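See structure below.
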Number of protein chains: 2
Amino acid sequence: MKTPVSPATVQRLPLYLRCLDELPADAERVSSSELAALAGVTPAQVRKDLSCLGSYGVRGVGYSVAGLTQQIRRALGLTREIAVIVVGAGNLGRALAGYGGFGESGFAVVGLFDSDPGAVGGRVGDLVVEPVGRLADAARTRGAAIGVIATPADAAQEVADLLVSAGVASILNFAPTVIGVPDGVEVRRVDLATELQVLSFYLNRGAS
Amino acid sequence: MKTPVSPATVQRLPLYLRCLDELPADAERVSSSELAALAGVTPAQVRKDLSCLGSYGVRGVGYSVAGLTQQIRRALGLTREIAVIVVGAGNLGRALAGYGGFGESGFAVVGLFDSDPGAVGGRVGDLVVEPVGRLADAARTRGAAIGVIATPADAAQEVADLLVSAGVASILNFAPTVIGVPDGVEVRRVDLATELQVLSFYLNRGAS
DNA sequence: ACATGTGAAGCGCTTCACAGCG
DNA sequence: CGCTGTGAAGCGCTTCACATGT
């Protein structure tokens, strides 16, 4: 089965990619059970997920590590480097912009913006903080495909609108608020307080 | 329906809490439709979720903002402040430890640790970076309930083991790797590369 | 013999539609 | 009349079990 990749599967593909990476360098093949153990899911789940992308598995043997890695990267659209813009040069924004893991995963931060004139001009790794006024223009000329919002909550909606108007159709929102976007724009929220609150729930669960 | 709160619902309760917070200060009541619009879900979803915690809704009117907030906080176990420990004082760890939103959400960072002697002693807000050697002891004496891992990938498993042995049964893992823990320990993963890779998938989806 | 690929069953979550109540 | 609360239908995801292929 080729095309119908379910959202649940999409969310797990990057996980498999990581697990493949953590395999011993001399490993040529993996079985669904091995991969499942590393990823913390069931073997059947792994096989179902991988079968969605026209599998390269060999019955009786397993999957080629290199081949499978390539297949997953292609399915995720990681064949070319993707340009990412980060908005908000506070602690979180700088941490994100300076995070080395981007490059290895096929992403490149091509711009870091902030509305505070005091922050503009500051350097983070190879990047120089630019004023938000240049965001839209920079997003277009540098071909940014993904925008990361690392601003306070009250600026998030405004930044989202800016990104959308600049043609950025994928947004990763670290601001602790819900942003509204037009249809066709994909938003993913990462909220620290939310994560802690969910953990809090299960904390009391386990105790009772 | 009182007790059976599904995982999917648990994940949305913090979201509702945020939306309630963003309501105009003079709002006394909300309808499921209003809340749904803010949260980006359906009204039926909101009602189902809220009915799980013995609802305080009034038919024909809506929910009391204050009452509902209290109900959700109680369901999540946010009646007392929860002590959190952060391990890893790199960019991300310092950003997390210094994040003000913790306190407002009912959490308090009671310790920040790092294995690098050069980082130990550094100050982040009110906190002083301590050596990991003191982690287990500090976790116990300060009653830490949640541990946040903000180390590089290769240190994550070791830190997780330390946290578990110190009695921390809830872990929020920002390290780009999968950690193994005993049954009964709850782990949530937040992985930047994973989020970007998922966005990448839908990027190509929308374009084709 | 062994591990993949896959229909089918099982399960949980979402959506619908309406009864119930202020 | 309006909005909540909820059985029931619908849908998607996970798990099972086994046929398939090497």
Side-chain angles (χ1 to χ4, degrees), chain A residues 1-16 19-20 23 27-72 75 198 201-202 205, chain B residues 1-16 19-20 23 27-72 75 198 201-202 205:
Chain A
M1 302 257 163
K2 256 312 178 40
T3 15
V5 187
S6 79
T9 296
V10 171
Q11 197 121 1
R12 275 187 301 267
L13 289 179
L15 177 61
Y16 298 147
C19 294
L20 287 170
L23 244 35
E28 295 226 341
R29 310 204 167 276
V30 239
S31 67
S32 60
S33 328
E34 294 173 302
L35 205 50
L38 287 172
V41 299
T42 66
Q45 183 85 82
V46 171
R47 292 199 298 274
K48 254 272 150 76
D49 286 339
L50 298 185
S51 76
C52 287
L53 34 105
S55 185
Y56 274 46
V58 181
R59 294 175 199 246
V61 179
Y63 301 87
S64 148
V65 174
L68 186 54
T69 301
Q70 200 55 31
Q71 279 301 308
I72 296 179
V198 172
F201 176 87
Y202 291 108
R205 253 312 130 89
Chain B
M1 299 233 170
K2 252 314 177 41
T3 15
V5 187
S6 78
T9 296
V10 171
Q11 197 123 1
R12 275 187 302 267
L13 289 180
L15 177 61
Y16 298 146
C19 294
L20 287 170
L23 244 33
E28 293 226 340
R29 310 204 165 276
V30 241
S31 68
S32 61
S33 326
E34 294 172 301
L35 205 51
L38 288 172
V41 299
T42 65
Q45 184 84 84
V46 171
R47 291 199 300 274
K48 255 274 148 78
D49 286 339
L50 298 186
S51 76
C52 289
L53 33 106
S55 186
Y56 274 46
V58 180
R59 293 173 197 248
V61 179
Y63 301 86
S64 148
V65 174
L68 186 54
T69 301
Q70 200 55 30
Q71 279 301 306
I72 296 179
V198 171
F201 176 88
Y202 291 108
R205 254 312 134 88

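Note on naming: letters A, B, ... go to the chains in the order of the sequence lines (proteins, then strands), and numbering restarts at 1 for each one. Since we're looking at a predicted model, the values are computed, not measured. The figures that follow rest on heavy atoms only: side chains count, while hydrogens, waters and symmetry mates do not.
Atom CG of A/Leu53 is separated from atom C1' of C/dT4 by 14 Å (rounded to the nearest Å). For B/Gln45 and D/dG10, the CD to C1' distance is 14 Å, given to the nearest whole Å. Taking atom NZ of B/Lys48 as the reference point, atom P of D/dG5 lies 12 Å away to the nearest angstrom. Atom CZ of B/Arg59 and atom C1' of C/dA19 are 8 Å apart (whole Å). Look at CZ on A/Arg29: it is 13 Å from C1' on C/dT4, rounded to the nearest Å. The interatomic distance linking A/Leu68 (CG) with C/dA3 (P) rounds to 16 Å, in whole Å. Atom CG of A/Asp49 and atom C1' of C/dT6 are 14 Å apart (whole Å). Between A/Arg47 atom CZ and D/dC18 atom P the separation is 14 Å, expressed in whole Å.
Set against D/dT4, C/dG5, D/dC13, the side chain of A/Pro7 has D/dC13 as its closest nucleotide. When the nucleotides D/dT6, C/dG5, D/dT4 are ranked by their closest atom to the side chain of A/Ser51, C/dG5 comes out on top.
To the nearest 0.5 Å, atoms CZ (B/Arg12) and OG (B/Ser6) are separated by 6.5 Å.
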Quick one, A/Arg29 with A/Ser64, criterion side-chain contact (heavy atoms from CB on, under 4.5 Å). Give me CA distance, side-chain angles, the key distance, then yes/no.
CA-CA 5 Å; A/Arg29 310 204 167 276; A/Ser64 148; 3.7 Å; yes
Begin with the C-alpha distance, continue with both residues' side-chain angles, and end with the deciding distance and a verdict on side-chain contact (heavy atoms from CB on, under 4.5 Å) for A/Leu20 and A/Leu38.
CA-CA 9 Å; A/Leu20 287 170; A/Leu38 287 172; over 6 Å; no
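Nucleic acid contact for A/Arg12: sugar-phosphate only, since backbone atoms but no base atoms lie under 4.0 Å from a heavy atom of the residue. Counting any heavy atom pair closer than 4.0 Å across all strands shown, B/Pro43 reaches no nucleic acid atom.
A/Gln11 is not listed as a side-chain neighbour of B/Phe201, based on a closest heavy-atom distance of 4.5 Å or more.
Side-chain atoms of A/Gln45 never come within 3.5 Å of backbone atoms of A/Thr42 as a donor-acceptor pair (strictly under, hydrogens ignored).
Between B/Ser6 and C/dG12 there is no side-chain polar atom (N or O) within less than 4.0 angstrom of OP1 or OP2. Distances shown here put every side-chain N or O of B/Ser32 at or beyond 4.0 Å from the OP1 or OP2 atom of D/dC3. Proximity of B/Tyr56 to the phosphate of D/dG5: no side-chain N or O atom is located under 4.0 Å from OP1 or OP2.
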